[in-house]
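Take a look at the structure set out below.
In what follows, every heavy atom counts, from backbone to side chain, and hydrogens, waters and symmetry copies are set aside.
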Amino acid sequence: MKTRSPYLNYIADYMLTRQYSLRTINAYLGWIAKFIHFYNKRHPSSMGDAEVKAFLDHIVLKRNMSPKHKAQL
């Protein structure tokens with residue numbers, strides 16, 4: 001489950017120690033990677049609520065994902 005990103009590896013290791021399922025870990029890592037790439041690979045620690053809201057709005061408005069799924073992310 002190793003990635004090229006030390007940050008994503010840290011998150012995966014964290015979730016593994018808390019016994020998250022592999023499917024859940026892969027889903028979370030996928031969404032986190034999409035969020036990071038949406039902001040041109042900025043580190044998430046440099047972002048806040050406004051960036052998360054903009055990313056979720058992008059998913060709903062530009063990628064035609066339903067708002068119900070937005071609430072679950």
Side-chain angles (χ1 to χ4, degrees):
M1 171 149 324
K2 294 296 179 190
T3 68
R4 293 185 336 184
S5 166
Y7 180 71
L8 292 179
N9 289 334
Y10 170 78
I11 292 170
D13 290 341
Y14 177 87
M15 288 189 283
L16 281 170
T17 62
R18 280 148 186 80
Q19 300 180 352
Y20 283 61
S21 77
L22 294 178
R23 287 182 68 180
T24 299
I25 294 171
N26 286 329
Y28 284 12
L29 293 178
W31 281 109
I32 294 167
K34 288 174 185 160
F35 176 72
I36 292 169
H37 284 274
F38 182 76
Y39 285 104
N40 298 315
K41 299 184 179 180
R42 281 176 52 199
H43 196 279
S45 66
S46 69
M47 296 184 268
D49 293 347
E51 287 86 359
V52 172
K53 182 181 179 328
F55 175 69
L56 295 175
D57 286 344
H58 167 77
I59 290 170
V60 170
L61 299 174
K62 303 290 186 203
R63 299 196 54 203
N64 296 320
M65 184 179 283
S66 72
K68 177 182 175 186
H69 286 101
K70 176 183 171 185
Q72 294 174 351
L73 298 178

(request) Enter the distance from Ile25:CD1 to Tyr14:OH here, rounded to the nearest 0.5 Å. (result) 12.0 Å
(message) I'd like to check the side chain to side chain donor-acceptor pair (under 3.5 Å) partners of Ser46; sequence neighbours left out, ordered by chain and number.
(response) none
(message) Using 0.5 Å steps for rounding, measure from the OG1 atom of Thr24 to the CD atom of Gln19.
(response) 12.5 Å
(message) Tell me whether Arg18 at atom CZ has more than 12 heavy atoms from other residues, nucleotides or ligands lying less than 6.0 Å away.
(response) yes
(request) Measure across Glu51 and Tyr39 and return the closest heavy-atom pair with its distance rounded to 0.1 Å. (result) O-OH, 2.8 Å
(message) On a heavy-atom basis, which atom in Leu8 and which in Leu29 lie closest, and how many Å separate them?
(response) O-CD2, 3.6 Å
(request) Compare all side-chain heavy atoms of Leu22 with those of Leu16 and state whether any distance is below 4.5 angstrom. (result) yes
(request) Please list, chain by chain and in numerical order, all residues satisfying ring pair (Phe, Tyr, Trp, His ring centres under 6.0 Å) with Phe38, sequence neighbours excluded. (result) Phe55, His58
(request) Apply side chain to side chain donor-acceptor pair (under 3.5 Å) to Arg4 and list each qualifying residue two or more places apart in sequence or on a separate chain. (result) none
(message) For Ile36 versus Arg42, what's the shortest heavy-atom pair and its separation?
(response) CG2-O, 3.7 Å
